[in-house]
Protein chains: 2
Amino acid sequence: YREFYQCDADVIGTDSLLCEAEIVLMIREVCKGLGIQDFSIKVNHRGILSGLAAIADAKGNETSLFVAIDKLDKIGDEKVKEELRTKGFSDKSIDRIFDILHFQGSNLNKLEMLNSKLEDTETGLKGVEDMKQIIELLSKFDLDAETIDFDIALARGLSYYTGTIFEVKINKVAIGSVSGGGRYDDLTGVFGLPGVSGVGFSFGVDRLYDAMEELKLFPEETDESTEVLIAHLDHETMLYGLKALKQLRREGVAAEIYPDTVKLKKQLDYANKKKIPFVIVIGSDEMKSGQLTFKNMKTGEQQQLSIEEILIQF
Amino acid sequence: YREFYQCDADVIGTDSLLCEAEIVLMIREVCKGLGIQDFSIKVNHRGILSGLAAIADAKGNETSLFVAIDKLDKIGDEKVKEELRTKGFSDKSIDRIFDILHFQGSNLNKLEMLNSKLEDTETGLKGVEDMKQIIELLSKFDLDAETIDFDIALARGLSYYTGTIFEVKINKVAIGSVSGGGRYDDLTGVFGLPGVSGVGFSFGVDRLYDAMEELKLFPEETDESTEVLIAHLDHETMLYGLKALKQLRREGVAAEIYPDTVKLKKQLDYANKKKIPFVIVIGSDEMKSGQLTFKNMKTGEQQQLSIEEILIQF
């Protein structure tokens, strides 16, 4: 994934938390629309992370803290603790952090806990407050508090996020994370529009594709492109077949004609290989009578039909 | 256009000229589908170009000849002649070439003329023969010989073409050429599949887009994305509005709610600017009675309706 496609949605110009709620709705809609059932929408807030940093006496060393705890999922407690010690965090600070990270409970329980733990940090309380409001807004869409997976360890690499942070994980696939995003209060300044809050997220299209392949979510019918193949026996019958081809296409039927004059068996093999469900065979008798051989490749059944009678089948 | 998107179609594994005819059909379909009326499908054949090279005694110098005459459109007769002289072509050779390039007549007349001029070159006659067959095949699709713009000077830069060559020009726009292609007998060898003939073409998507912009072919309605904006006056009415939002979306109506609590005028201005055709206004009266204000932004007309009555409008 060194070069990749992203599918983005952003709202800029407002700091309304409704946008965060809408992003959660959008992620759900996209995943469900693609047939993905088992996914988690991980959410956290930079304010809460700042609160944690304050508790851990991490002043000037915040990034090391965030980078370390973001790996908790992958490398586990001991390695994260080791990393924090190397970066100069005291055992006491590390214990305080892990007390919070290990807290078990519902999202609302977690928020209550954070409310008391972070009571001395303004940004921490702001993060808790935002999170509560997002949950309240989601409830208006009949989504309960557990719709999101509020993960206090989620930090994400990108340092420009200033508020809510999102990450979408598809469970039980190798790739896992397929989408991320968050609120950025200063990012638009880089593009000459300072002082405007925005929030957005993007799906990694290639990652999503690979995950869907792994989950076998692409329907078999996407293989089937041509509905009818016109087979023929010589140059004359091929030219005659072009007329049928034209009529089928005019009616919106995806039709193709075998481009070379070869044995009928080869043409039928081609249809089978390409999963083309119907074949029209044109020989000299068919050309004379106008009654074409219409063959159902699944059942093997075949009938003599005029092109008009064939058109009705589609 | 240093990095760009292409939209390709290729057939490999057959040398049937039906594929060339299908490409002409496809190009017409695409252009017409996009609303492009005035375009030319330029066609030539490498065999005919080889025949020209033989007539011009260009042995070992063919590429110079092709490169020069391909520019005829852009730089005109005199400059092409000058270039050919510099490259060592005799005046006699140049005259022979220009006699052919200047020939006036229908496509079938041109082919007759070439048939006699190129009678000593095998590849030249093959080119003429292929071109005639393509025209015959097109006639089976009710397209006359002039459907294609048979251009003896068309050479295209890519040296891997071995048969028919295509170029699509959109007339009366700055960009002009938006598509090209041709038959390649040896190209697949590069990818480990030697001895397989193929033919294909590609539209330059960015070029096509720019040409369509210039011709103003993108409909104005593509600007209109949201059908209804829900406007509100305070936090309470916004929360109430979320219910309406949910119902509208469930019915497939593209709806959004203004994310901040601001003056109604600002919300209506936003709707106008974004060309949103309808606005639902929710104040405390509307919340009590359930009769929402439904405003048509084009006519200015407004009615008091229940959400169910509003849903019927879409």
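The sequence lines fix the lettering, A, B, ..., with proteins before strands; numbering per chain opens at 1. No hydrogens, no waters, no symmetry mates; every other heavy atom, side chains included, goes into these values.
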Can you list, pair by pair, the side-chain donor-acceptor contacts under 3.5 Å of residues 131-143 of chain A, counting residues two or more places apart and other chains?
| unit_1 | atom_1 | unit_2 | atom_2 | d |
| --- | --- | --- | --- | --- |
| A:S139 | OG | A:E136 | O | 2.5 |
| A:D142 | OD1 | B:K246 | NZ | 3.4 |
| A:D142 | OD2 | B:K246 | NZ | 2.7 |

Exercise for review: Considering only heavy atoms and a distance below 4.5 Å, find which of B:M238, B:K243, B:E22 pairs most often with chain A.
Suggested key: B:E22

Point to revise | Most chain A-contacting option - heavy-atom pairs closer than 4.5 Å, from B:L242, B:L245, B:V11 | key: B:L242

Review point. With distance as the sole test, does B:T164 use its side chain to make a donor-acceptor pair with the main-chain N or O of B:H45 at under 3.5 Å?
Key: no

Review point. So, the side chain of B:T226 versus the backbone of B:V228: is there a donor-acceptor pair under 3.5 Å, distance only?
Key: no

Check your understanding: Taking atom CG of A:D10 and atom CZ of A:R183, what is their separation to the nearest 0.5 Å?
Key -> 10.5 Å

Review point. If you check every heavy atom in residues 252-262 of chain B against those of chain A, which residues fall under 4.5 Å?
Key: B:I257, B:Y258, B:P259, B:D260

Study note, to complete from the structure: Note: vs chain B, highest number of non-hydrogen pairs under 4.5 angstrom among A:D15, A:L239, A:L17 is A:L239

Study note, to complete from the structure: A:D8 meets the salt bridge (charged side-chain N to carboxylate O under 4.0 Å, His left out) criterion, sequence neighbours left out, with none

Revision key, fill the gap. A:K273 meets the salt bridge (charged side-chain N to carboxylate O under 4.0 Å, His left out) criterion, sequence neighbours left out, with none

Practice item. May I ask you to decide if the ring planes of A:Y5 and B:Y5 are parallel, tilted or perpendicular, using 30° and 60° as cut-offs? Key: tilted

